[in-house]
Chemist: 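Next up is a structure, given as C-alpha cells.
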Amino acid sequence: MAFRYAAPVDDSSLRASDADRDRTAGILREALAEGRLTAEEHAERIDAVYGARTLGDLAPLVRDLPGGQGSADRTAAATASGTASVRPHGASVRPAWGASENLVAVFGGATRRGRWRPAPRTNALALFGGIEIDLTEAFFEQREIVLNVWAVFGGVEIKVPENISVRCAGSGVFGGFDVKTGEAPDPDAPVVVVTGFAVFGGVEAKPRRGKRLKNLRAVN
C-alpha cells in the first residue's frame with residue numbers, strides 16, 4: 001500500500017479567536033503609546049483587527065511593529081496545540097465578532113445611559129445633533145470596548161466611571177477631540193478606547209466624579 005503524505009496546513013487560513021485579536025490589539029496599543037503609529041493609523045488597524053476572520057488577516061497589521069514579527073507563527077502554533085483558547089485572568093471576554101451598536105443623531109439627539117450593556121463596538125454619529133453616552137452604570141460584558149465617534153457640526157459627550165482605563169485614538173479637524181485618558185490602578189479594570197473624528201464639532205470624554213464600578217473582576 002502506497003503511503004500518502006498529508007498536505008501541509010496553511011496556518012494563515014486558520015480562524016482567528018478573540019484571544020488572537022486581543023494579542024494583536026495589545027501590540028497596536030503599545031505602538032500608539034510609543035509613537036510608532038499615528039492616531040489615524042491606529043484607528044484604521046484596530047478596525048481591521050476587529051474585522052479579521054483568520055490569522056492571515058491579523059499578521060500584516062503588526063508585521064512592521066515590535067512584537068509583531070513572527071507573532072502569527074507563534075499564534076498558529078498555540079492554536080494548533082489547543083492553548084490559544086485558554087484565556088488568562090483579566091483578558092477580554094468579547095462576544096462574537098461583528099457585535100456592534102449604532103447611535104445616530106441628525107438634527108436631533110440620542111442618549112445611551114442607565115443599566116445598559118455596551119456592545120464591543122459602538123458607532124456614534126452626531127450630525128448637527130448631540131449624543132450622550134453614559135457608561136457610569138453600564139454592565140461591561142467584555143474587558144475592552146471601542147467607541148467610534150464622529151461629530152460633524154455636532155457633539156458627543158462620553159461619561160465613564162472613575163476607576164476604568166480610558167484611551168484615545170481620535171482627532172479633531174476644525175473641531176475638538178477632548179478625551180481625558182488614564183490607566184486604572186487595577187489591571188482587571190475595563191478599558192474604553194475612544195476613536196473617530198470631530199469635524200466642526202466636539203467630542204468629550206471624562207470620568208464622572210463619584211461614579212465607580214463596584215466589582216472590576218466580575219463579568220456582569
Side-chain angles (χ1 to χ4, degrees), residues 10-79 84 87-88 90-103 118-125 133 142-152 156 158 160 164-173 175 177-179 181-183 187 190-199 203 205:
D10 182 6
D11 293 335
S12 65
S13 64
L14 293 176
R15 285 277 181 163
S17 68
D18 286 343
D20 298 329
R21 297 186 187 94
D22 289 342
R23 280 190 289 270
T24 305
I27 294 173
L28 294 177
R29 283 195 297 269
E30 289 297 324
L32 176 65
E34 295 171 356
R36 299 179 189 273
L37 292 177
T38 65
E40 291 80 6
E41 290 171 330
H42 177 267
E44 181 180 353
R45 295 195 190 193
I46 282 292
D47 284 343
V49 166
Y50 294 146
R53 294 179 181 270
T54 68
L55 298 180
D57 295 334
L58 291 174
L61 302 175
V62 293
R63 186 168 290 141
D64 59 343
L65 301 173
Q69 186 65 30
S71 62
D73 295 336
R74 292 191 295 272
T75 298
T79 302
R87 293 182 179 276
S92 296
V93 185
R94 185 175 292 116
W97 170 83
S100 64
E101 179 178 0
N102 297 320
L103 294 174
R121 183 179 187 84
T122 297
N123 302 306
L125 170 63
I133 301 175
Q142 55 282 323
R143 184 169 179 266
E144 178 178 299
I145 67 172
V146 176
L147 304 179
N148 183 32
V149 298
W150 288 75
V152 183
V156 178
I158 302 167
V160 302
I164 70 171
S165 296
V166 179
R167 298 165 185 166
C168 178
S171 58
V173 180
F177 210 98
D178 183 15
V179 176
T181 61
E183 295 296 318
V191 178
V192 174
V193 181
V194 185
T195 72
F197 290 93
V199 183
V203 175

Chemist: What are the two closest non-hydrogen atoms of P60 and G56, and how far apart are they?
Modeler: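 Heavy atoms of P60 and G56 come nearest at CD-O, 3.0 Å.
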Chemist: Determine the minimum heavy-atom distance between S171 and F177, stating which atoms define it.
Modeler: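 Heavy atoms of S171 and F177 come nearest at O-CD1, 3.4 Å.
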Chemist: Regarding E41 and R36, does a basic nitrogen lie under 4.0 Å from an acidic carboxylate oxygen?
Modeler: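 R36 and E41: not salt-bridged.
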Chemist: Let me confirm one number: the CG-CG distance from N148 to L125, rounded to the nearest 0.5 Å.
Modeler: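 The CG atom of L125 is 10.0 Å from CG of N148, to the nearest 0.5 Å.
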Chemist: Where is the tightest heavy-atom contact between V156 and W150, given as atom of each residue plus distance?
Modeler: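 Taking V156 first and W150 second, the nearest heavy atoms are CG2-O, 4.4 Å.
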Chemist: Once rounded to the nearest 0.5 Å, what's the spacing between atom CG of D20 and atom CZ of R15?
Modeler: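 Those atoms lie 12.5 Å apart.
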Chemist: Does V166 reach the side chain of V179, with side-chain heavy atoms less than 4.5 Å apart?
Modeler: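 The answer is yes; the side chains approach within 4.5 Å.
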Chemist: In the structure I gave you, are the side-chain heavy atoms of L147 and V193 within less than 4.5 Å of one another anywhere?
Modeler: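 Heavy-atom side-chain distance check fails, nothing below 4.5 Å.
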Chemist: Where do S13 and T54 come nearest, in terms of heavy atoms and distance?
Modeler: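 So the minimum-distance heavy-atom pair works out to O-CG2, 3.9 Å.
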Chemist: Is the side chain of R121 donor-acceptor paired with the backbone N or O of V146 at a distance under 3.5 Å, no angle test?
Modeler: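 Answer holds: no.
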Chemist: Let's go through I133 and L103 carefully: what are the C-alpha distance in whole Å and the side-chain angles of both, what is the deciding distance for side-chain contact (heavy atoms from CB on, under 4.5 Å) to 0.1 Å, and is it a yes or a no?
Modeler: CA-CA 9 Å; I133 301 175; L103 294 174; 3.9 Å; yes
Chemist: Once side-chain hydrogen bond (donor to acceptor under 3.5 Å, both in side chains) is applied, do any residues pair with E44, and if so which ones, sequence neighbours excluded?
Modeler: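 E44 satisfies side-chain hydrogen bond (donor to acceptor under 3.5 Å, both in side chains) with no other residue.
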Chemist: I'd like to check the side-chain hydrogen bond (donor to acceptor under 3.5 Å, both in side chains) partners of T122; sequence neighbours left out, ordered by chain and number.
Modeler: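 Not a single residue meets the side-chain hydrogen bond (donor to acceptor under 3.5 Å, both in side chains) criterion with T122.
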Chemist: Could R21 and D57 be called an ion pair, given the rule that one side-chain N must be under 4.0 Å from one carboxylate O?
Modeler: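 No.
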Chemist: Is the closest side-chain heavy-atom distance between R167 and V194 below 4.5 Å?
Modeler: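 The answer is no, as the side chains (C-beta and beyond) never meet within the 4.5 Å cut-off.
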Chemist: Any side-chain heavy-atom pair from L28 and I46 closer than 4.5 angstrom?
Modeler: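 L28 reaches I46 side chain to side chain.
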Chemist: Determine the minimum heavy-atom distance between L61 and R45, stating which atoms define it.
Modeler: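 For L61 versus R45, the nearest heavy atoms are O-NH1, 2.7 Å.
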Chemist: Quick one: does E144's side chain have a donor or acceptor within less than 3.5 Å of a partner on P120's backbone?
Modeler: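 Looks like no, no N/O pair under 3.5 Å.
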Chemist: When rounded to the nearest 0.5 angstrom, what distance separates CG in N123 from CG in N102?
Modeler: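 These two atoms lie 5.0 Å from each other.
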Chemist: Looking only at heavy atoms, which two atoms of P66 and I27 are closest? And how far apart?
Modeler: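 Reported closest heavy-atom pair: O-CG2, 3.7 Å.
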